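Data block below; observations after.
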There are 2 protein chains.
Amino acid sequence: MHDDLSPLCGRFLAAADLLGRRWTGVILRILLDGPRRFGELAQGIGTISERVLSERLKDLEAEGIIERHVDPGPPIRSEYRLTQKGQDFWKVIDELGKWAERWVELKPAPVSVSGKSVAAKAARAAPRKRKTA
Amino acid sequence: MHDDLSPLCGRFLAAADLLGRRWTGVILRILLDGPRRFGELAQGIGTISERVLSERLKDLEAEGIIERHVDPGPPIRSEYRLTQKGQDFWKVIDELGKWAERWVELKPAPVSVSGKSVAAKAARAAPRKRKTA
DNA sequence: GGTCTTCACTTACTTTTAGGAAGTTGCTTG
DNA sequence: CAAGCAACTTCCTAAAAGTAAGTGAAGACC
């Protein structure tokens, strides 16, 4: 079956662990478009909390994936940009994006189309993003 | 900068959210090698708790990424396998693996080589996998 | 010059998710 | 019939993430 896959070694586990933290993929996706400031990232993502964004940026910086540049030009502004290690992540993000385009259907709203409840199974799980409550 | 990337739309966010749950990438990586049973997955991953593995498998099944086949041949056994949607994920996992090969350095152990503490920064964060405690 | 606002974060507190271990069900083996 | 799988659940604790409010420095407004 895809016997040409990279092996499941410690390296892979570390990478999966990184991407397995919430928002990491989205942050990387945005930074691949170019450097961004803290506020821009927060806005671009929309639903991330500043607390977690701050945490994630520190994680990524510690991993050497992004760099933080502070411009103290009085209105103090910081900017985050990808290192080479981070830039190199682009193929992963791109493939994820392609997969999403092919397979993810936006659920427009839990409406039923011709009697069949479209978002049936989704309803019984998903305590993530219950912003509506 | 990579202006040919897929857009940051709802589809991407959903995909990133999926992969942003811990263990998802690793489970997919293993299933890309072929169908696996619950116990095999648990063993293959090593450090996942059965509780979470069970949860993650249900998530993935609900998303239509894997299928659960129960073989009631008295020793009841279940088997998980990828659907087409799941198989199609292979490029993402493969790129992640390639990135990991290029950029992830295995930290052999927190030994100091010639006086310099090797795992210096790693030490102050990482309450994940503190199995050693 | 006192007040207001922005930016980039922190702190404090709550909820959700993950980890760890023991229990459950159904069937088999000694 | 006690023990042992296999595949899960349950229960309980410990990390993460969510939410809101606060901090500090620099302008901008009045």
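Reminder, nothing fancy here: chain letters follow the sequence lines and each chain counts from 1. Note that this is a predicted model, so its numbers are computed, not measured.
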Short side-chain to backbone donor-acceptor contact, E40(A) and R37(A), under 3.5 Å: yes
I want to check one thing: is the phosphate of dT28(C), taken as OP1 and OP2, less than 4.0 Å away from some side-chain N or O of R77(B)? no
Phosphate-side-chain proximity, S54(A) and dA8(C), N/O vs OP1/OP2 below 4.0 Å: no
Using a 4.0 Å heavy-atom cut-off, does R37(A) contact any base of the nucleic acid, only the sugar-phosphate backbone, or nothing at all? sugar-phosphate
Once side chain to side chain donor-acceptor pair (under 3.5 Å) is applied, do any residues pair with R51(B), and if so which ones, sequence neighbours excluded? E55(B)
Between dA17(D), dC8(D), dT10(C), spot the one nearest the side chain of R21(A), thanks. dA17(D)
OP1 or OP2 of dA16(D) sitting under 4.0 Å from any side-chain N/O of W23(A)? no
S78(B) side chain: which of dG19(C), dA17(D), dA7(D) is closest? dA7(D)
Does OP1 or OP2 of dA7(D) have a side-chain N or O of K58(B) closer than 4.0 Å? no
Check the phosphate of dG19(C) against R22(B), side-chain N and O only, distance under 4.0 Å to OP1 or OP2. Yes or no? yes
Selected nucleotide, minimal atom distance to S49(B) side chain, candidates dA6(D), dA17(D), dG20(C): dG20(C)
Please state how far atom NE2 in H69(B) lies from atom P in dC8(D), giving the value in whole angstrom units. 13 Å
Does E50(B) have any side chain to side chain donor-acceptor pair (under 3.5 Å) partners at least two apart in sequence or in another chain, and if so, which? none
Hey, which sits more toward the 5' end of DNA chain C by its nearest nucleotide, L57(A) or E55(B)? L57(A)
note: R68(A), atom CZ; dC7(C), atom P; distance rounded to Å ~ 16 Å
Check this for me, if you would: do E79(A) and R77(A) make a salt bridge, where the nitrogen-to-carboxylate-oxygen distance has to be below 4.0 angstrom? no
Check the phosphate of dA17(D) against R56(A), side-chain N and O only, distance under 4.0 Å to OP1 or OP2. Yes or no? yes
